[in-house]
Amino acid sequence: MQPHIYDAIVIGAGGIGSATAYQLAESGADVLVLEQFQRGHAFGSSHGETRIIRFFYDKPFYTELMKSAYAEWRALESASGRALLSITGSVSLGTSGNRYGIAARNSLDAAGVESEWWDAQQLASRFPQFHVSKGMDILWQKDTGFLHAALCVSTHLQLAAQRGADIREEAPVTRIDWQADVPTVYTETGRFHGRKIVVTAGAWTGGLLAALNLPLTVTRQQVCYFHPTDAAQFQPNRFPVFVEVTADGEFFYGIPAFGKNGIKMARHGRGQPVSPDACNRTPDAEYIERLQNYVQQRLPGIGKAVHAEVCLYTETPDEDFIIDVHPRCPALLIAAGFSGHGFKFCAIVGRILSELALTGETLLDIHPFRIDREYGSSSGIARLQT
Ligand SMILES: Cc1cc2nc3c(=O)[nH]c(=O)nc-3n(C[C@H](O)[C@H](O)[C@H](O)COP(=O)(O)OP(=O)(O)OC[C@H]3O[C@@H](n4cnc5c(N)ncnc54)[C@H](O)[C@@H]3O)c2cc1C
């Protein structure tokens, strides 16, 4: 009997894999999705209730790509009948003349996306929750908000399944033979054939594709949640997404209260390199204390951290993504290295991967994400993303 050959096998059902599965199934492809854990698990990078969505980036190609990403998320809302985005606007705070704020404003201007510089008084009249000194740069961008992250992943998977995708959980892929006449994927219990293999394995990508020696580093990251006494002041209708680059180059961000966890806050940056299977999942007391000290100064009404979590970033040296067909193997597509800022792009990356798998090309500009690019080191401001 001839073995079944799928049009595409997607490895990993996190943010990127679920979107890819949906787009492939929506295009009528015969898709298999293999996920090593149960869907919605908390060991990777896409769990939790919220992720920031925004246009402002210091690198203009991200701002440009976000136009298509917003449209794709809105299309998913229409297809599912679910609200998946909350738009709150955002304030970016920084010391006067900070490079990140200026570069982000330039990217917004170049893309024709409206933004405004505010002074401390304008911020105080609109969002009195913030305590800022005079002379800070404050950039307001009205289209920023947050995605309902866990719901986005489950929606992509549900819609993919409704369109015929075969989604298998607790099916860890142990090996991929992408050079076989018919590319083959092995799990502990079987093997599967696909015309294309799409690897969206997040922090496990480097290990799964060890032979390719991809420049990926998995790092340990932490987030904290706060429950203010006056909760109404920090709801999405009263409080924006915010980011701040401090004078010392630390980068903080926060997302309004949403769901059961409260206000989410974190310090974004290079974390400690770890193995995804052997990562200490207990948050550090010093980290929580640092965030606590920061909010006491900037947002005193937020109160004390009530909960903290550990999760993973998969970083490239320049913190730009890898989205490409492997240069020596047209059957193998790779999307990895989302470097702590990939969730907002999931919907559009899913479309790009589906187009690449089914037609070999995409109209969107993905040349910054080539596998064989020169990987410069992070410029410092490129790191200030989430
Ligand atoms: C704390 C935190 C905050 C963040 N905040 C933001 C934000 O505000 N905005 C933003 O845009 N981005 C943000 N990000 C980044 C964003 O969440 C990630 O870039 C994105 O979720 C990555 O998705 P992924 O699909 O590549 O990885 P994952 O979600 O980890 O998915 C990979 C999947 O592959 C599966 N898998 C791996 N190996 C195998 C195998 N061998 N066989 C089968 N399955 C396998 C894994 O189990 C996993 O389910 C944040 C990330 C973190 C950790």
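Whatever order the structure lists ligands and atoms in, that order sets their numbers, starting from 1.
- Residues M136 and L123 share a hydrophobic cluster, clusters being chains of Ile/Leu/Val/Met/Phe/Trp/Tyr side chains in contact below 4.5 Å.
- Inclusion of V173 in the set of residues having an N or O under 3.5 Å from an N or O of ligand 1 is warranted.
- The heavy-atom pair separating Y375 from I371 by the smallest distance is OH-O, 2.7 Å.
- Listed by number with element, the atoms of ligand 1 under 4.0 angstrom from any heavy atom of I16 are 23 (O), 24 (P), 25 (O), 26 (O).
- Using a 4.0 angstrom heavy-atom cutoff, A266 does not count as in contact with ligand 1.
- Within the 6.0 Å centre-distance limit, the rings of F130 and F242 are counted as a close aromatic pair.
- Proximity of F345 to ligand 1, defined as any heavy-atom pair under 4.0 Å, is not found for any part of the residue.
- Heavy-atom contacts of V223 reach the following atoms of ligand 1: 1 (C) (cutoff under 4.0 Å).
- L24 and L157 end up in the same hydrophobic cluster when Ile, Leu, Val, Met, Phe, Trp and Tyr side chains are linked at under 4.5 Å.
- Within ligand 1, counting atoms from 1 as listed, the ones closer than 4.0 Å to a heavy atom of F37 are 47 (O).
- P256 is linked by a side-chain contact (heavy atoms from CB on, under 4.5 Å) to T88, F146, P236, F239, V241, counting only residues two or more places apart in sequence or in another chain.
- On a distance-only criterion, F343 and ligand 1 share at least one N/O pair closer than 3.5 Å.
- Around atom 22 (C) of ligand 1, the closest heavy atom drawn from G40, S45, C152, A13 belongs to S45.
- In this structure, E355 pairs ionically with R351, as a charged nitrogen and a carboxylate oxygen lie closer than 4.0 Å.
- For the pair P172 and ligand 1, a heavy-atom separation below 4.0 Å is found.
- Not a single N or O atom of Q221, backbone or side chain, sits closer than 3.5 Å to an N or O atom of ligand 1.
- Contact between Y253 and ligand 1 is present, with at least one heavy atom of the residue lying under 4.0 Å from the ligand.
- A cation-pi contact links R54 to Y57, judged by a cut-off of 6.0 Å to the six-membered ring centre and 45° from its axis.
- Under the 4.5 Å side-chain heavy-atom criterion for Ile, Leu, Val, Met, Phe, Trp and Tyr, I176 and L214 are members of the same hydrophobic cluster.
- Around the CD atom of E77, the shell of radius 6.0 Å holds more than 12 heavy atoms that belong to other residues, nucleotides or ligands.
- For T174, no heavy-atom contact with ligand 1 is shorter than 4.0 Å.
- The side-chain contact (heavy atoms from CB on, under 4.5 Å) with F252 is formed by just one residue from the set V295, V243, L291, L93; it is L291.
- In this structure, Q222 has no heavy atom closer than 4.0 Å to ligand 1.
- Within ligand 1, the atoms closer than 4.0 Å to a non-hydrogen atom of C311 are 1 (C), 2 (C), 52 (C), 53 (C), numbered from 1 in the order shown.
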Pair F345, F338 - check ring-ring contact (aromatic ring centres under 6.0 Å, His included), show working. CA-CA 9 Å; F345 294 95; F338 287 93; 8.2 Å; no

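- Atom numbering of ligand 1 starts at 1 in the shown order; those under 4.0 Å from a heavy atom of T200 are 32 (C), 33 (C), 34 (O).
- For ligand 1, the atoms closer than 4.0 angstrom to any heavy atom of G202 are 26 (O), 27 (O), 32 (C).
- In the vicinity of G14, heavy-atom distances shorter than 4.0 Å reach the ligand 1 atoms 25 (O), 29 (O), 31 (O), 33 (C), 49 (O).
- The G44 neighbourhood of ligand 1 comprises atoms 30 (O), with distances under 4.0 Å to a heavy atom of that residue.
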